[in-house]
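Below is one structure; the comments refer to it alone.
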Amino acid sequence: MQKAVVKEIYRETEKFIQKRIKVSGWVRTIRSSKAFGFIELNDGTFFKNLQIVFEEDLTNFLEITKINISSAITVEGILVESPGANQAFELKAERIEVVGPCDADYPLQKKRHSLEYLRTIAHLRPRTNTFAAVFRVRSLVAYAIHKFFQEKGFVYVHTPIITGSDAEGAGEMFRVTTFDIDKPPHNEQGAIDFTRDFFGKETNLTVSGQLNVETYCMAFKNVYTFGPTFRAENSNTARHAAEFWMIEPEIAFADLRDNMDLAEEMIKYIIKFALENAPEEMEFFNKFIDKELFTKLENVVNSNFEHVSYTKAIEILENAQESFEYPVRWGNDLQTEHERYLTEKYFKKPVFVSDYPKEIKAFYMRMNDDNKTVAAMDLLVPGVGEIIGGSQREERYDLLEKRINEMGLHKEDYWWYMELRKYGGTKHAGYGLGFERAIMYLTGMSNIRDVIAFPRTTKNADF
RNA sequence: UCCUCGAUAGCUCAAUGGUAGAGCACUCGGCUGUUAACCGAGUGGUUGCUGGUUCGAGCCCAGCUCGGGGAGCCA
């Protein structure tokens, strides 16, 4: 007998119709009458379910009518055309074996659950339509990102998760140590003696792979990282997590414009990839999560992203007929309300804001000729806000050294980073894409906790 | 961390300061093509925690815990 999976049955129906097949999966719902019943079977390979019809000629008919949702079963039968309205075919069961019964206290019902409740049962929520769709899309988009960069010849670099450089400056860090935290060793000055710790120095979980990946950029020309990142910020929002994934491409012999063009091409590529490779899931998001999703995504794919300088953006905001809570002033960073206005109301599409005042940006960003702004860019998208942050890097040794000093950093901490500027340093640029934020944008999900399998956020590391 | 709203059955939600309820889930029964199947009956509660006001608190007050929304920080 032919074994089949639900995805093949939907995609290549002609291969299975009128044939005896064997399918294994979980019961999503069951409706039974005195002499017959229906099971919606999901085997995990496909978003949609396969309808099983069973009748009282089954030797275990009574047992089957009583099984609970989420029981694991194996069904043998013939795939036939369905007289019902909602499906083209169904499996007429000749034999159903319960391979893994499900207890009656199973916490998921056939009805809708709140996303908040489902977070409390993170081990079971991938069995729901919403999370099945989210995590299949997440998987596909991760693949699409690799595919995009690999097809362009980029080299995938695994930058370290544990870092000894505490000066990356991108946020609060999680300490990595093997010390007994109740009694760490002290040196003669009375301070904690990190020379006796595992690495012989203070170490933390990385907040960004950028500085490390720049070294490989100077060897391979075009590189990217794709890995987990950790921020110990006490953030409590729908867009922040303590552990998240980031994609950080870095391109040599390239400037800020090349950088933005790459970002735009990548965003369009992954949107198209998701629409083509997960049509059922995307349809579901458009119908139940965000009714404007397809309109939004098609608008992004078919339009050119807007470009605006920070200075011009300030002008737009100053002239806006809008009362902002925070004042708009050249030199201040853009607030969330300002970003939302720009991308959602003014341009109504993704917009790159570039060339920010040097005071509000990182030390490694390239100084512009005006000596006031740096070659930085943020990509703002409607609904999610900042999804990408990047810059052209300062490749001039003396200017980099000057910025490090101005910002009160210690140049000894960056000795290897600075040497890149001595030994064949060249123009280069890169950006960071928050992977979860991209998934949120693609699916319409509005909380980052719902696009991470087991989210780690302030006061929550369950599962 | 700040502002704001909330926490009642397994879930989603009701309940003038006066006997804590419904739908779904679950159990039992019925039903010959269902589509969140349907019909009937039943089981199910320390009203988040601690204290206070009151003859009496799910409801009023205080503190705490956890969650939602917004803000800061950022991706």
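Note that the coordinates shown come from a computational prediction; the quantities given were computed from them, not determined experimentally.
Note on Q335(A): a side-chain N or O is less than 4.0 Å away from OP1 or OP2 of G72(B). Put simply, S33(A) has no side-chain N or O that comes within less than 4.0 Å of OP1 or OP2 on U32(B). Residue K34(A) places at least one side-chain N or O closer than 4.0 Å to OP1 or OP2 of C31(B).
The base-pairing partner of U1(B), taking Watson-Crick or G-U wobble contacts with both distances under 3.5 Å, is A71(B). Under the Watson-Crick or G-U wobble criterion, with both distances below 3.5 Å, A62(B) is paired with U50(B).
Comparing atom distances between the A238(A) side chain and each of G67(B), G70(B), A75(B) picks out G70(B) as nearest.
Taking atom CZ of R437(A) as the reference point, atom C1' of C73(B) lies 10 Å away to the nearest angstrom. As a whole-Å value, the separation of H240(A) NE2 from G68(B) C1' is 17 Å.
In terms of polar N and O atoms assigned as donor or acceptor, the side chain of R112(A) never comes within less than 3.5 Å of the base of C24(B) in a complementary pairing. Judged by distance alone with a 3.5 Å cut-off, no donor-acceptor contact links the side chain of E386(A) to the base of C74(B). Within 3.5 Å, a donor on the side chain of Q51(A) pairs with an acceptor on the base of U34(B), or the reverse. In the interface, the side chain of E40(A) is not paired with the base of U34(B) through any donor and acceptor atom under 3.5 Å apart. For G70(B), its base never sits under 3.5 Å from the side chain of E337(A) at any donor and acceptor pair.
Nucleotides C13(B) and U8(B) place their P atoms 9 Å apart, quoted to the nearest Å. If you take atom C1' in G29(B) and the same atom in A7(B), they sit 37 Å apart, rounded to whole Å.
Place M246(A) and R340(A) on RNA chain B by their nearest nucleotides, and R340(A) ends up nearer the 5' end. Each of F435(A) and Y106(A) was assigned the nucleotide of RNA chain B with the nearest heavy atom; the assignment lying further toward the 5' end belongs to Y106(A).
Taking the six-membered ring where the residue is Trp, F324(A) and H338(A) present perpendicular rings, their angle passing 60° and hence far from 30°. By the 30° and 60° cut-offs, the orientation of the rings of Y310(A) relative to Y356(A) is tilted. F288(A) and F284(A) have tilted rings, their planes meeting at an angle from 30° to 60° on a 0 to 90° scale. Classification of the Y143(A)-F273(A) ring pair by plane angle, with boundaries at 30° and 60°, yields perpendicular.
Here F244(A) packs flat against the base of A75(B); its ring centre is closer than 5.5 angstrom to the base's six-membered ring, tilted by less than 30 degrees.
Between R20(A) and E94(A) a salt bridge is recorded (basic side-chain N to carboxylate O distance below 4.0 Å). Of the charged side-chain nitrogens involved, at least one lies within less than 4.0 Å of a carboxylate oxygen, so that E406(A) and R403(A) count as a salt-bridged pair. In this structure, D450(A) pairs ionically with R125(A), as a charged nitrogen and a carboxylate oxygen lie closer than 4.0 Å. A salt bridge does not link K7(A) with D43(A): every distance from a Lys NZ or Arg NE/NH1/NH2 to an Asp or Glu carboxylate oxygen is 4.0 Å or more.
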Would you tabulate the nitrogen or oxygen pairs shorter than 3.5 Å linking the protein to nucleotides 38-44 of chain B?
none

Identify each atom pair where a protein N or O and an N or O of nucleotides 1-4 of chain B are less than 3.5 Å apart, giving names and distance.
unit_1	atom_1	unit_2	atom_2	d
U1(B)	OP1	N234(A)	ND2	2.9

